Each structure stands twice: as C-alpha cells, then as structure tokens.
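Numbering of ligands and ligand atoms starts at 1, following listing order. Just so it is clear, the model here is predicted, and its values are computed rather than measured.
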Amino acid sequence: MTPGGRAAAAIEVLDRILAGAAAEQALTTWGRNSRYAGSKDRAAVRDLVFSALRRRRSAAAMGGAEDGRGLILGLLRQNGQEPSGLFTGEGYAPDPLSVDEKAADWSALPPQVKADLPDWVYATFGRDLGDNADRVAAVLRERAPVHIRSNRRRISREAVAATLKQDGIEARPLVLSDTALEIGEGARRLRSTTLFADGQFELQDAASQALSDRVPLMPGGRFLDYCAGGGGKTLAIAARLDGDFFAHDANPQRLRDLPERAERAGIKVVILERPDGIYDTVLCDVPCSGSGAWRRSPEAKWRLTPDRLAELRRVQADILDKAARRVAPGGILAYATCSLFHDENDMQVDEFLVRNHRFSLVQAFRWAPSDEGDGFYLAILTGAQPGID
Ligand SMILES: C[S@@+](CC[C@H](N)C(=O)[O-])C[C@H]1O[C@@H](n2cnc3c(N)ncnc32)[C@H](O)[C@@H]1O
C-alpha cells in the first residue's frame, strides 16, 4: 500500500470507531476485507488509528473536523508532515484538501485540547496531580512502550535479554522492577520465540511488575487474587515465593487464559468460582477508569463520564468490603488500580477504613505513567483480629 492508501484505510477505520465500533473490532474488520494489505501495512494503519485516538481532541482541532479525515489530517500536521503530500486523490489516497481544510487555524488551542483530555478530566487531573498534570497528559498522548517480565522462577532477566538478542530482539533492563525489560526492535516477534513458549517471560508493563513485587506475601501462605482477570498479577506474584495461589474473577470468561499461562510458567493456580475461607493475602486489582493506562486503550479516555466513574467507585467499594471478609487475622488486603484519580485511590481507601475498623493502612504506592511504565496505585492494608469493631 502507498502511504496515501494507508492514510485512507486509517480514515475508514476511524470513521467506524467514531460511529461506535470498538477499535480492535474495526481494525479486524478492515484487515479481513483488505487481503492486499501486508503485515507492514497493517501495523502502519493500526499505528495511525491508535495515534489519532490518543490525540483525538487536538488532532480534530488541527484537522478541522472530528471525523476520520479530520483526525488523520490533524495528526499529520502535528507530526510536522505536509498533508497535501498524502491527500492527493491519486490511486487509493484521500481526496485533496479543500480550501477550508487548507485554511484551518490551529494557532491557539486551549490547554485541555492540547492535553487531549475531556474538559472534566482536565480539571480532575489539575486537582489530583497538581504540577504533574500536564506532564502526565503528555505521556498519555504517546505510544506505550513494550515491556516483558522475566519469570524469576526459571531465569534471570539478563539471560532473557541475551537469548532474545540472538533472535534479533533488543531488550534493555528497567529500574522499576528487577524482572522488567523494555523491548526495542523486534517486539512483534516476541510471542513466536521459544523463550515465550517455554514460559520464561510474559508481556507485562513494568509498573504492573513493580506493583506485584510490593504485594506482601507470607512464605508458604495462602494468596487470593480476587479480581484476577487474565492473571497478569497473579502470575507475577506467584513467581516470587512458594505458597498456595488462588484466582477469582466475577467474570469467568476473563480467567480463560490463566490455566494455560500458569502451566507455561510452571506455576500452580487454583481457580475459584466462589472464594470462601480465609487467606494471608488478598489482592483486589479492581475494575477502574484505567486512566493510568489510557495510552494503551485510548478510546477509554473519551468514553469515561463522571457517572461511569461514580458507578466504578461503587463497584470498587463493594469488592473491597467483600474481599475484606476473606482476610485472615493479621493478614493483608492489597488494593490496586491503574487509575490516576484520587477518587478511585486514596479516597476509596479512606472510605473503606471508615467502614471497616478492623483494617489499617500500612503503606500506599503511586506510579505515574512515564517511559518506564503505566500509572498504578497500590494500598497495603492490614487486618487485625476480626471483631475489633
Ligand atoms: C483491572 S482488571 C484485573 C486485571 C488483572 N488483575 C491482571 O493483572 O491482569 C479487573 C477485573 O475485575 C473483575 N471484576 C469486576 N467486578 C468484580 C467483582 N465484583 N468481583 C470480582 N471481580 C470483579 C473484572 O472482570 C476484571 O477482570
């Protein structure tokens, strides 16, 4: 495909997304109907689509319209590319620029447009992140790095990096966690390596690894991941120490990959449909706004509303209250989100502590999104003997 053909394809996919289709679904549909597109074309179209979604507000302002064409036009301008070079109307390229499109004025974009945030999120970032708000918003406009976690049960990260190098895949160690590596060249080949098939590494963001490193575990103890999903954190935590590991999720479909991943990693995880009994550590990695990881799923940035946030807060509180009943006397309740909002983090924990006098806060950790990882929050709570309140 020509660069113009790729731009036209991205416009078509973006129009479907703006009409309500999920981004992955819209890309898959386009891919199915475009047998002529090679793997490099598909990667380029995907990149254009996700870049435009991350920068949807500023790209629309610079392109003169909030449709696929406007977004791609604005994105090219942001990247310092002259759009008329691609918008030629020749072959499969988009039509040439109209007089209005040529004349669009983007000289004075308001700060919330430059930050690519909805107005209410921009205000919330200002309140919750203070001086860091603009820097964080800027990080969320960029593509996320690819990180892997070496499986500490089996191999050192140095050995993972050296073996990947032989396959032409670049991996450099990160400071956030001693299992974390950032992938440079060759990321798309990671899943087809023997190392991956042998469970020597998993794809996982470095801050998610750092969070998993900090969840307290009792040697030989019982650990419950109450919202395990695909099991990314369950596996990272279970790789640290011997013990009995259990995983639960309200949506059993979310757990479907976990048994295979656990087997590949050489880790035993028991899936629980209905958790009962008590555990030394219970992790609640709750459903949240996902604001710390919006560069990975940029659609979510535009879909979130104050009402949806309030609903998420109710779900989080309910999960915490239920999971707290599963914590052994003297045990740990770990509360995690990939959110940047105070409402979902410290405030949720403060409210929980008011409702549950048996618990107290030991420590809270925050990771802001950066080159080194996504944004996360972790609160470590400890539960005294039941009946204290
Ligand atoms: C942030 S995701 C978990 C990600 C996972 N821990 C990981 O590292 O891959 C939140 C999960 O909570 C689950 N969930 C939602 N409501 C729940 C509830 N009431 N009880 C337990 N799990 C719930 C969702 O299905 C979702 O899989």
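For Asp285, heavy-atom contacts with ligand 1 shorter than 4.0 Å involve the backbone as well as the side chain. Under 4.0 Å from ligand 1, heavy atoms of Lys233 appear from its side chain as well as its backbone.
Both tests pass for Arg222 against the ring of Tyr279: distance under 6.0 Å to the centre and angle within 45° of the axis.
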List, one per line, each side-chain donor-acceptor pair under 3.5 Å for residues 12-26, sequence neighbours excluded.
{"unit_1": "Glu12", "atom_1": "OE2", "unit_2": "Arg16", "atom_2": "NH2", "d": "3.2"}
{"unit_1": "Asp15", "atom_1": "OD1", "unit_2": "Gly68", "atom_2": "N", "d": "2.7"}
{"unit_1": "Glu24", "atom_1": "OE1", "unit_2": "Arg46", "atom_2": "NH1", "d": "3.2"}
{"unit_1": "Glu24", "atom_1": "OE2", "unit_2": "Arg46", "atom_2": "NH2", "d": "2.8"}

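Between Thr337 and Ser339, the side chains place no donor N or O within less than 3.5 Å of an acceptor N or O (distance only, hydrogens not considered).
Shortest non-hydrogen contact noted between Phe196 and Leu190 is CB-O, 3.5 Å.
Of all atoms in ligand 1, numbered sequentially from 1 with element shown, those under 4.0 Å from a heavy atom of Gly229 are 27 (O). Of all atoms in ligand 1, listed by their number and element, those nearer than 4.0 Å to a heavy atom of Val286 are 1 (C), 10 (C). Interface of Ala228 with ligand 1, defined as ligand atoms under 4.0 Å from a residue heavy atom, comprises 5 (C), 6 (N), 7 (C), 9 (O). Interface of Asn251 with ligand 1, defined as ligand atoms under 4.0 Å from a residue heavy atom, comprises 25 (O).
Considering Arg56, Arg57, Arg141 as possible partners of Asp116, the one that fulfils the salt bridge (charged side-chain N to carboxylate O under 4.0 Å, His left out) test is Arg141.
Looking only at protein heavy atoms, the nearest one to atom 23 (C) of ligand 1 is Ala250 CB, 3.6 Å. The protein atom (non-hydrogen) at minimum distance from atom 26 (C) of ligand 1 is Arg254 NH1, 3.3 Å. In terms of protein heavy-atom proximity, atom 25 (O) of ligand 1 is nearest to Asp249 OD1, 2.6 Å. Protein heavy atom in closest approach to atom 3 (C) of ligand 1: Cys227 O, 3.2 Å. When hydrogens are left out, the protein atom nearest atom 16 (N) of ligand 1 is Ile319 CD1, 3.8 Å; that is the closest non-hydrogen contact. The protein non-hydrogen atom at the shortest distance from atom 9 (O) of ligand 1 is Gly232 N, 3.3 Å.
Residue Val315 has no nitrogen or oxygen atom sitting less than 3.5 Å from a nitrogen or oxygen atom of ligand 1, judged on distance alone. Taking only nitrogen or oxygen atoms, main chain and side chain alike, Pro287 does not reach within less than 3.5 Å of ligand 1.
A donor-acceptor pair under 3.5 Å is absent between the side-chain atoms of Asp257 and the main chain of Gly230, judged by distance alone. His147 places a side-chain N or O within 3.5 Å of a backbone atom of Ala206 that can act as its donor or acceptor partner.
Under the 30°/60° scheme for interplanar angles, the aromatic rings of Trp367 and Phe376 are found to stand perpendicular.
Here salt bridge (Lys or Arg N to Asp or Glu O under 4.0 Å) pairs that include residues 187-213, with residues two or more places apart or in two chains, are Arg152-Asp213, Glu202-Arg261, Glu202-Arg264, Asp205-Arg296.
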